[in-house]
Amino acid sequence: TTAVIEGHTDNTGNAAQNMKLSQQRAQNVVEYLVKNFGIERSRLAAKGFGATRPIAYNNTAEGRQQNRRINAIIDCVVNK
């Protein structure tokens with residue numbers, strides 16, 4: 001099993017800083033999983049997307065809060 005941890009931000013601030021923030025957000029989750037759950041670092045990847053993939057409108061506080069998130073994309077191999 002492997003996982004990609006995706007970091008996202010709202011559109012507040014400039015695009016370059018949001019990209020850096022989202023990458024750091026994803027990397028922090030990877031570090032947490034490695035440290036607290038013993039998951040091998042080689043099985044995890046961090047990818048920042050900044051504000052490029054919103055799930056809500058950024059014109060409300062609630063929407064911006066929803067856009068500040070991480071997603072975990074988990075890839076499993078099932079042997080039959």
Side-chain angles (χ1 to χ4, degrees):
T1 302
T2 60
V4 176
I5 308 300
E6 298 179 344
H8 302 272
T9 66
D10 61 26
N11 67 351
T12 304
N14 73 45
Q17 286 183 317
N18 280 338
M19 195 61 71
K20 184 177 178 180
L21 174 62
S22 66
Q23 180 66 35
Q24 188 60 52
R25 181 172 283 151
Q27 189 61 45
N28 287 343
V29 172
V30 167
E31 298 299 328
Y32 183 87
L33 294 171
V34 169
K35 180 180 178 183
N36 293 292
F37 294 96
I39 299 171
E40 292 179 38
R41 188 178 307 277
S42 63
R43 295 173 47 206
L44 301 171
K47 174 69 176 152
F49 288 96
T52 63
R53 295 183 175 180
I55 59 169
Y57 293 109
N58 281 299
N59 57 355
T60 67
E62 295 81 12
R64 288 187 297 277
Q65 183 177 16
Q66 290 177 16
N67 288 327
R68 296 186 297 264
R69 69 192 191 282
I70 63 101
N71 292 336
I73 311 302
I74 300 170
D75 188 23
C76 301
V77 175
V78 178
N79 294 324
K80 293 185 178 186

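Numbering starts at 1 and runs along the sequence shown.
Distance CD/Gln27 to NZ/Lys47: 12.5 Å, rounded to 0.5 Å. Remark: Ile73 CD1 to Thr2 OG1 distance equals 11.0 Å, nearest 0.5 Å. In this structure, Arg53 CZ and Asn71 CG are separated by 9.0 Å, a value rounded to the nearest 0.5 Å. To the nearest 0.5 Å, atoms CD (Gln24) and CE (Met19) are separated by 14.5 Å.
In this structure Thr9 satisfies the side-chain contact (heavy atoms from CB on, under 4.5 Å) test together with Asn18, Leu21, Ser22, Arg25, Ala51, sequence neighbours excluded.
Surrounding CD of Glu31 are more than 12 heavy atoms belonging to other residues, nucleotides or ligands, all under 6.0 Å away.
Closest approach of Arg43 and Thr1 over heavy atoms only: NE-O, 2.8 Å. The shortest non-hydrogen separation linking Ile55 to Gln66 is CD1-O, 3.5 Å. The shortest heavy-atom contact between Ile5 and Ala72 is CD1-CB, 3.8 Å.
Under a hydrophobic clustering in which Ile, Leu, Val, Met, Phe, Trp and Tyr are joined whenever their side-chain heavy atoms come within less than 4.5 Å, directly or via other members, Leu33 and Ile74 fall into different clusters. Residues Phe49 and Ile70 are members of separate hydrophobic clusters, defined by side-chain heavy-atom contacts under 4.5 angstrom among Ile, Leu, Val, Met, Phe, Trp and Tyr.
A distance-only check finds no donor-acceptor pair linking the side chain of Arg64 to the backbone of Glu62 [under 3.5 Å]. Judged purely by atom type and a 3.5 angstrom limit, Glu6 has no side-chain atom pairing as donor or acceptor with the backbone of Ala26.
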Take Asp10 and Arg68, measure what side chain to side chain contact (heavy atoms under 4.5 Å, CB included) needs, and give me the verdict at the end. CA-CA 6 Å; Asp10 61 26; Arg68 296 186 297 264; 2.6 Å; yes
